[in-house]
Amino acid sequence: MTDAPARLAAFLEDLEQARQARDVTVVVVTKFHPAELVRELAEAGHRDFGENRHPEARDKALGLAQLGLTWHFLGQLQRKKARQVAAYADVLHSIDSIELVEALEGGESPHERPVRDALVQVNLTDDPGRGGIDPARVEALAERVAASPALRLRGVMAVAPLDEEPGRAFERLATHAERVRRLDASADWISAGMSADWREALQHGATHLRIGTAITGNRPAGG
Ligand SMILES: *Cc1c(COP(=O)(O)O)cnc(C)c1O
């Protein structure tokens, strides 16, 4: 046993105080931790888990498949691995190019392909090398996702830049989320906020918090 279940309970209590009646999904990020930790949290009643690397994510999702958990893929998605990830990940948080959408549409015949929930990842930094699409191209990508038979457009995702007050960055993300909602009113998810900045994310409308260390404890070496 680890103390992760107790941390989860404490986190959910803090969230209960802060969330003001809005529905919020906590995605517990378990990267670098063993599948056993996921199992403990599942036994404590948690359903949503996030990973950012294939094949680590695949091994956990397949190893624990009988638990019926919801798996969120958070990391940069390589085109050539995209369909492998979509085979087990229920929600893809990091859709950041039209080429990636095309890659997800390839391969097996359409009726065998799972339709996955998808978020357009927005780059809130000035560095094009960081994950996410340039905010100027958010609508074009969101329209392409909405039209894709492989994906269901759900909203937007972002990581706050390291060199900016997170509340300001999440305020911008809220405007991008609104642009996407104007295209599709049902695409109202905002995936934002990690252990250090979830309160700011919540203030700016986050519907999905991605929480690692605050619940799992420090990641093992390498993480
Ligand atoms: C690791 C990770 C998180 C969780 O980070 P913590 O600071 O441990 O809460 C959230 N989002 C993404 C995309 C991550 O890679």
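Counting starts at 1 for both ligands and their atoms, following the listed order. Numbering of residues begins at 1 and proceeds along the displayed sequence.
Of all protein heavy atoms, the one lying nearest to atom 15 (O) of ligand 1 is Lys31 NZ, 2.7 Å. The protein atom (non-hydrogen) at minimum distance from atom 6 (P) of ligand 1 is Ser195 OG, 3.5 Å. Closest to atom 10 (C) of ligand 1 among all protein heavy atoms lies Met194 SD, 3.2 Å.
When each atom of ligand 1 is checked for a heavy atom of Arg219 under 4.0 Å away, the hits are 1 (C), 8 (O). Listed by number with element, the atoms of ligand 1 under 4.0 angstrom from any heavy atom of Arg210 are 4 (C), 9 (O), 10 (C), 11 (N), 12 (C), 13 (C). Each of the following atoms of ligand 1 lies closer than 4.0 Å to a heavy atom of Asn52: 15 (O).
Nearest heavy atom pair, residue Ala187 against residue Arg181, reads O-CG, 3.4 Å.
Ionic pairing of Arg168 and Glu171 is not present here: no N-O contact between side-chain nitrogen and carboxylate oxygen is shorter than 4.0 angstrom.
The distance criterion of under 3.5 Å between nitrogen or oxygen atoms is not met by Met157 with respect to ligand 1.
Formation of a donor-acceptor pair under 3.5 Å by the His54 side chain with backbone atoms of Gln78 is not found in this model. A side-chain donor-acceptor contact under 3.5 Å links Glu40 to the backbone of Thr2. A donor-acceptor contact shorter than 3.5 Å links the side chain of Asp90 to the backbone of Trp71.
Contact analysis leaves His93 out of contact with ligand 1, as no non-hydrogen atom separation drops below 4.0 angstrom.
Partner of Val122 under the side-chain contact (heavy atoms from CB on, under 4.5 Å) criterion, chosen from Leu141, Leu173, Asp134, Asp96: Leu173.
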